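Comments concern the structure below.
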Amino acid sequence: MLINNESFFEQVYEVTKLIPKGRVTSYGAIAAYLGTKQSARMVGWALHSTTAHHHIPAHRVVNRNGLLTGKHHFSSPEAMEQLLAAEGIEVQNNQVQDFDKLFWDPSKELL
DNA sequence: GACATGACGGCAG
DNA sequence: CCTGCCGCCATGT
């Protein structure tokens, strides 16, 4: 996989868009895929820009714990849960159920 | 220009 | 097992 042909943000957008419906991934996974696993925070920041001006399924991206930490940044705190639920992902207490099963690793699946 | 914070993650205690 | 601290990059004050 070629890395760093475009901006870090652009790559985050693409990876996020490639997340299969009904699947979720983590900021760290995306960061690791992009080669900046140490800067998982940047991924979150990138997605922040994404939700504002791009149509990105950012609701499929959660933290390593499977927790919907960023739901508060969506149109509505419930939006993230609703979107995930609409895709068949069970969310309880801001946490993705069966996260380990639904987890989608870009560096593995997208390879 | 410097300090503090943030959609995170890993390691140490 | 749970809590706390550090690192990383960009943005806001």
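The figures here come from the full heavy-atom set of this structure, side chains too, leaving out hydrogens, waters and symmetry mates. Because the structure is a prediction, the values reported are computed rather than measured. Below, chain A is the first sequence line, B the second, and so on; all start at residue 1.
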| Geometric cation-pi criterion, A:R64 with A:F99: 6.0 Å, 45° | no
| field | Non-hydrogen side-chain atoms of A:F9 and A:M42 separated by less than 4.5 Å | value | yes
| note | Which of C:dA10, C:dC8, B:dG10 is nearest the side chain of A:M42? It is C:dA10
| field | Same-atom distance (C1') from C:dC2 to B:dA7, integer angstrom | value | 23 Å
| query | Considering only the P atoms, how many Å lie between B:dA4 and C:dC5, rounded to the nearest integer? | reply | 15 Å
| note | Separation of B:dC8 atom P from A:F99 atom CZ, nearest Å, is 13 Å
| field | Spacing of A:L67 atom CG relative to B:dC8 atom P, expressed in whole Å | value | 9 Å
| Whole-Å gap separating C1' (B:dC8) and NE2 (A:H73) | 12 Å
| Rounded to whole angstrom units, what separation is found between the CD1 atom of A:I19 and the C1' atom of B:dA7? | 13 Å
| request: Mind running side-chain contact (heavy atoms from CB on, under 4.5 Å) on A:R60 and A:K21 for me, showing each step along the way? | output: CA-CA 8 Å; A:R60 293 178 186 156; A:K21 179 183 176 185; 3.7 Å; yes
| query | To the nearest angstrom, how far is A:E81 atom CD from B:dA7 atom C1'? | reply | 15 Å
| message | Is it the case that over 12 heavy atoms from other parts of the model lie below 6.0 angstrom from the CD atom of A:E78? | response | no
| task | Assess whether side-chain contact (heavy atoms from CB on, under 4.5 Å) is satisfied between A:W104 and A:V24, documenting all intermediate values. | result | CA-CA 6 Å; A:W104 181 80; A:V24 292; over 6 Å; no
| message | Please tell me if A:H48 has a side-chain N or O lying less than 4.0 Å from either OP1 or OP2 of B:dA7. | response | no
| said: Tell me the interatomic distance from A:K37, atom NZ, to B:dG9, atom C1', rounded to whole angstroms. | reply: 11 Å
| message | Could you tell me how far C:dC1 sits from B:dC8 if I compare only their P atoms? Round to whole Å. | response | 24 Å
| task | For A:A58, report the nucleic acid contact type (base, sugar-phosphate, nothing); a contact means any heavy atom under 4.0 Å. | result | base
| field | Rounded interatomic separation in angstrom, taking CZ from A:R41 and P from B:dG10 | value | 13 Å
| Nearest-Å distance, CG (A:N65) to P (B:dA7)? | 16 Å
| query | Does the side chain of A:T36 get closer than 4.0 angstrom to OP1 or OP2 of C:dC8 through an N or O atom? | reply | no
| message | Which nucleotide wins on minimum distance to the side chain of A:T69, given the candidates C:dC8, B:dA7, B:dG9? | response | B:dA7
